[in-house]
Amino acid sequence: MCSPWVWPLQLLQEEGLSSALPDWLCQFLHSWWLLLPLIMLLVVAAFIVAFVLLLYMVSPLISPKPLKLNGAHVVVTGGSSGIGKCIAIECYKQGAFITLVARDENKLLQAKKEIEKHAINDKQIVLCISVDVSKEYGQVESVIKQAQEKLGPVDMLVNCAGITVAAKFEEVEVDCFKRLMEVNYLGSVYPTRAVIPTMKERRMGRIVFVSSQAGQLGLFGYTAYSPSKFALRGLAESLQMEIKPYNIYVTVAYPPDTDTPGLAEENKTKPLETKLISETSCLCQPEQVAKVIVKDAVQGNFNSSVGPDGYMLSALTCGMSPVTSITEGLQQIVTMGLFRTIALFYLGSFDSIVRRCMMQREQLKKPDKTE
């Protein structure tokens with residue numbers, strides 16, 4: 001039975017014209033259908049390329065309008081040291097008015113002096129307020145009102161207050177789980193709750209939650225810390241859906257290990273397994289991390305990551321998180337499979353580290369047979 005794809009040659013044969021055609025053309029007409037899959041593939045590829053190019057052109061039209069920091073009021077909790085202080089400096093360099101919120105008044109005053117060195121005009125002000133943002137909402141609301149009375153409504157809030165505990169699950173004090181949730185989670189809920197009403201009235205604003213890469217995947221030694229950072233993402237996703245119609249955008253930052261006083265304190269008690277796993281990623285400087293976070297917050301990006309590892313983790317764990325541009329969504333779709341393959345090798349390496357450390361400890365516990 002003849003293939004239906006050879007109908008052009010059959011038609012010519014019926015008309016008696018096939019003998020007048022060159023051999024190569026007859027062969028092509030007889031087997032052209034074999035090229036059909038390739039032709040269809042090229043057509044699909046062309047449509048995909050055209051679609052992607054169209055999205056790249058349309059994407060800027062649907063992305064948030066960047067926030068101008070010059071003259072803006074930026075509140076930074078946990079701003080007396082580390083990433084928080086560097087974020088304050090970065091915003092101050094761009095002309096922002098800064099409110100620093102932290103517990104230690106002496107550190108606040110030292111941070112204020114350092115930040116003021118980066119002023120770009122003589123009108124800029126750095127306001128310091130000493131309060132524990134994780135204790136009572138009433139106190140937090142009061143200091144936010146105080147800051148807004150002096151420097152105007154808050155344009156951007158950066159929730160950077162946080163503490164870390166690295167230890168095995170059974171070695172973590174029970175009260176420590178509660179304390180980490182209070183500082184790392186409620187310490188972000190309270191300031192955010194205090195600024196949202198004014199931002200809604202003005203129909204503009206930025207909210208930043210500084211999480212951690214340990215808020216994207218659970219790691220050995222972070223059974224108390226990781227959940228408190230994972231919680232921020234759930235808060236951020238829900239909040240973004242509520243406040244996006246008011247032109248308010250949320251950014252969740254996932255910095256890697258960063259050279260800060262907090263990390264130095266954490267390393268004093270960090271388990272060996274956690275140290276070895278952490279060493280598979282590079283140590284970042286707080287200034288570098290701060291620049292990335294401020295840039296993403298100003299642009300209204302939901303995810304903020306640092307370096308190739310951070311980009312891969314954000315793409316892998318994006319799930320149902322919002323995107324602020326179509327191109328970002330496309331990049332996540334295209335890279336998901338490759339990044340998942342790479343992640344499996346990472347996870348295998350982490351499991352291997354844990355097993356080796358366990359075997360070493362067991363060897364040390366064995367009695368010396370030579371005695």
Side-chain angles (χ1 to χ4, degrees), residues 66-67 69 74 76-79 81-91 93-94 156-164 166 184 188 206-219 222 225-226 228-230 232-233 236-237 249-264 266-267 270 274-275 277-319 321-325 327-329 331-332 335-336 338-340 342-343 346 350:
L67 175 71
L69 287 179
V74 178
V76 184
T77 69
S81 64
I83 296 174
K85 182 178 72 174
C86 290
I87 288 175
I89 290 174
E90 185 64 25
C91 293
K93 286 179 179 179
Q94 299 184 40
M156 184 163 79
L157 168 67
V158 182
N159 293 289
C160 202
I163 57 174
T164 310
N184 296 345
S188 294
R206 296 288 190 273
I207 304 290
V208 181
F209 297 104
V210 179
S211 180
S212 164
Q213 285 188 351
Q216 294 175 295
L217 76 162
L219 292 174
Y222 287 137
Y225 178 66
S226 282
S228 67
K229 290 299 187 178
F230 265 88
L232 290 176
R233 173 173 169 171
E237 289 187 4
Y249 289 90
V250 175
T251 297
V252 187
Y254 301 102
D257 277 351
T258 306
D259 189 10
T260 63
L263 181 65
E266 174 192 341
N267 286 336
K270 184 180 288 184
T274 313
K275 287 181 180 179
I277 291 172
S278 298
E279 288 172 1
T280 61
S281 181
C282 63
L283 181 67
C284 291
Q285 296 302 310
E287 294 82 5
Q288 174 193 3
V289 173
K291 286 182 179 181
V292 174
I293 293 175
V294 171
K295 179 182 177 182
D296 286 329
V298 165
Q299 295 295 328
N301 297 331
F302 184 79
N303 289 309
S304 179
S305 58
V306 180
D309 289 348
Y311 177 78
M312 183 180 74
L313 269 177
S314 291
L316 274 172
T317 59
C318 61
S321 63
V323 294
T324 45
S325 71
T327 53
E328 180 187 358
Q331 289 169 1
Q332 292 169 350
T335 58
M336 181 68 74
L338 173 62
F339 286 166
R340 178 56 178 168
I342 297 172
Y346 269 99
F350 297 162

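The first residue of the sequence shown is numbered 1, and numbering continues consecutively from there.
Remark: Y225 OH to N184 CG distance equals 6.5 Å, nearest 0.5 Å. Here the CG atom belonging to L263 is positioned 5.0 Å from the CG atom belonging to D257, to the nearest 0.5 angstrom. Within the model, atoms CG of N159 and CD1 of I207 stand 7.0 Å from one another, a figure rounded to the nearest 0.5 Å. Here the CG atom belonging to L316 is positioned 10.5 Å from the OH atom belonging to Y311, to the nearest 0.5 angstrom. Distance check, rounded to the nearest 0.5 Å: OG1 of T324 to CD of Q299 gives 8.5 Å. K295 contributes atom NZ, which lies 10.0 Å from atom OG of S304 (distance to the nearest 0.5 angstrom).
Side chain of S321 to backbone of C318: a donor-acceptor contact under 3.5 angstrom is found. A donor-acceptor pair is defined here as one N or O able to donate and one able to accept, closer than 3.5 Å; such a pair exists between the side chain of S212 and the backbone of A214. Of the possible polar contacts, none joining the K229 side chain to the Q216 backbone as a donor-acceptor pair under 3.5 Å is found. The closest donor-acceptor contact from the side chain of T317 to the backbone of A315 lies at 3.5 Å or more, if one exists at all.
Between E237 and R233, at least one side-chain nitrogen of the basic residue sits less than 4.0 Å from a carboxylate oxygen of the acidic one, meeting the salt-bridge criterion.
Scanning both residues, S278 and Y222, for their nearest heavy atoms gives OG-OH, 4.4 Å. Residues I83 and V289 approach most closely at CD1-CG1, 4.0 Å, considering heavy atoms. Between T251 and N301, the closest heavy-atom pair is OG1-O, 2.6 Å. The shortest heavy-atom contact between Q213 and V306 is NE2-O, 4.5 Å. What you find for R206 and A297 is that their closest heavy atoms are NE-O, 2.8 Å. Looking at every heavy atom in both residues, G84 comes nearest to V76 through O-CG1, 3.5 Å.
Sparse packing is recorded around NZ of K291, with 12 or fewer heavy atoms of other residues, nucleotides or ligands lying under 6.0 Å away.
Side-chain contact between D309 and Y346: present, with at least one pair of heavy atoms (C-beta onward) separated by less than 4.5 Å. Inter-residue side-chain proximity for I293 and E90 is flagged as unmet; no heavy-atom pair is nearer than 4.5 Å. Between L219 and T274 the shortest side-chain heavy-atom distance does not fall below 4.5 Å.
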- Query: Yes or no on side-chain contact (heavy atoms from CB on, under 4.5 Å) for F302 and V323, after CA distance, side-chain angles and deciding distance?
  - Reply: CA-CA 6 Å; F302 184 79; V323 294; over 6 Å; no
- For side-chain contact (heavy atoms from CB on, under 4.5 Å), just list the numbers for E328 and N303, CA-CA rounded to whole Å, side-chain angles, deciding distance to a tenth of an Å, and then say yes or no. CA-CA 10 Å; E328 180 187 358; N303 289 309; 4.0 Å; yes
- Query: When you look at L69 and M156, which way does the side-chain contact (heavy atoms from CB on, under 4.5 Å) test go after all the steps?
  - Reply: CA-CA 9 Å; L69 287 179; M156 184 163 79; 4.0 Å; yes
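S211 pairs by the side chain to side chain donor-acceptor pair (under 3.5 Å) definition with nothing, not counting sequence neighbours. Q288 pairs by the side chain to side chain donor-acceptor pair (under 3.5 Å) definition with nothing, not counting sequence neighbours. Residues forming a side chain to side chain donor-acceptor pair (under 3.5 Å) with K270 (at least two apart in sequence, or on another chain): E266, N267.
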